[in-house]
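Let me begin by presenting the structure, written as structure tokens, before commenting on it.
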Amino acid sequence: MAPISALSLLFLLLSSLPYSSFQERQHLAVDLLVDAAISAVEPISPGLAPIPPPPPTAAPTPSPSPGSPLAPALFVLGDSTVDCGTNNYLGTLARADRPPYGRDFDTHRPTGRFSNGRIIVDYLALRLGLPFVPPFLGQSGEIEEMIRGVNYASAAAGILFLSGSDLGQHISLTQQIQQVTDTFEQFALSLGEEAAADLVSRSLFYVSIGSNDFIHYYLRNTSSVQSLYLPWEFNQLLATTVKKELMNLYNANVRKVVVMGLAPIGCTPYYLWQHGSENGECVDEVNNVVIEFNYAMKYVVSEINRELPGAMITFCDAFEGSMDILSNRRRYGFETTADACCGLGKYGGLIMCLLPEMACSDASTHVWWDEFHPTDAVNRILAENVWSGEHTAMCYPMNLRDMI
């Protein structure tokens, strides 16, 4: 009964506040709940800063499909949509290393994935006949640990360095590219330059980033950025930056890349709550900037494919795939498209998922797991679309299956 009372008290307190910034609400929630709930099992010495808990046990390595894998390795860059544990090692509020995150994962334990279960790249790894990709920061540096792929993604990371900094430490896109370069150098030292270059050119790279540049920067008007850039100008800045980083990867012999566009963040429980959506209608003014970003990224991908010999880059429009799910929820077996499985307030968009008591009993009936991230069920559907367009076409000019 006590946890429910605490949640009720927190809900009443936060509901009485005016719409505050994302950072203020998250800090208040963490101060009131996490410190109280976790201190009993992880006491903190007086006068010392909290020390991040040890990362959870690594995810299991599923058995690859019979025969050789379809690609030698899978490398992942991005944000919380594909973070599999990087932020477990960082001082940040953007962490998913405690229950109920991971409750429906293979281990039924939190791993750092921002979902109740698997994320998109987990499903794609299985399609490729590869093990789940481990986080870069969790590796000892041994070549055997990285030869099948590495995940560099970091929750709260953005295309721009400052995006997401309000939540604490993260590994930005540029920093992730540097980590990729470091990995390639280790491959060259261990395998020889020719063998390493061949491995990289045949491997698959998956990039999913950009939402935090809006959620934690542009839409919050941090540093008065909206007075400097109109939405389309800001999107051009982001697209140009991503193009530069993709060309850096190409120069490092990367040839096969999936670039994932942004999902309709204007349909997330957080923005439904913040904008006072009456009946779960998506917030068009937020989604419009996402549509512009995806359009710009699709054009960038077509430019690179045209300009760089041997480049096989595909753009997968998560907005299109997600809207198909939202528009046809009954066909996919979802009971609600607006309410988060884990959260507080209307639509569960008031604060982040903090305690098991905040979660629904069956996440498979929900599109959204928390105030920003989809459930395992949605990740599976989107992964199937990336792989073959099974439910709806969302990848241009090719699906992943056609690429390999």
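Ring-plane geometry between F114 and H373 is classed as tilted, the angle between the planes lying from 30 to 60 degrees on a 0 to 90 degree scale. Aromatic ring orientation, Y218 versus F214: perpendicular (interplanar angle above 60°, classes split at 30° and 60°). Aromatic ring pairs are classed by plane angle as parallel below 30°, tilted from 30° to 60° and perpendicular above 60°; the pair F205 and F75 is parallel. Between F372 and Y270, the ring planes are tilted. Angles from 30° to 60° get that label.
Atom-to-atom distance recorded for F293:CZ and L237:CG is 10.5 Å, nearest 0.5 angstrom. The distance from the CD1 atom of I209 to the CG atom of L262 is 10.0 Å, given to the nearest 0.5 Å. Expressed to the nearest 0.5 Å, how far CG of L130 lies from CG of L70 amounts to 8.0 Å.
For the pair R118 and Y123, the distance from NZ or CZ to the six-membered ring centre is under 6.0 Å and the angle to the ring normal is within 45 degrees.
Disulfide criterion (SG-SG under 2.5 Å) for C353 and C342: met.
A donor-acceptor contact shorter than 3.5 Å is absent between the side chain of Y299 and the backbone of A239.
Side-chain contact annotation: D324 with Y332, donor-acceptor N/O pair under 3.5 Å present. D317 and N294 share a side-chain donor-acceptor pair at under 3.5 Å. Residues Y101 and D370 bring a donor and an acceptor atom of their side chains to less than 3.5 Å of each other. Between the side chains of Q186 and T183, no donor N or O sits under 3.5 Å from an acceptor N or O. For the residue pair Q178 / D182, a side-chain donor-acceptor distance below 3.5 Å is found, with atom types taken as modelled.
Using a cutoff of 4.0 Å between basic side-chain nitrogens and carboxylate oxygens, D198 and R202 are scored as salt-bridged.
For the pairing with R113, the side-chain hydrogen bond (donor to acceptor under 3.5 Å, both in side chains) check across D122, D83, T81 returns one residue only, D122. When L272, I265, T268, I215 are each tested for a side chain to side chain contact (heavy atoms under 4.5 Å, CB included) with V286, only one passes: I265.
When all heavy atoms of P134 and C84 are compared, the pair lying nearest together is C-SG, 4.0 Å. Counting all heavy atoms, side chain and backbone alike, R95 lies closest to N87 at CG-O, 3.4 Å.
Using a 4.5 Å heavy-atom threshold, the side chains of L199 and L191 count as touching.
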### Task
May I have the step-by-step check of salt bridge (charged side-chain N to carboxylate O under 4.0 Å, His left out) for E307 and K243, ending in yes or no?
CA-CA 12 Å; E307 296 171 1; K243 181 178 181 180; 3.7 Å; yes
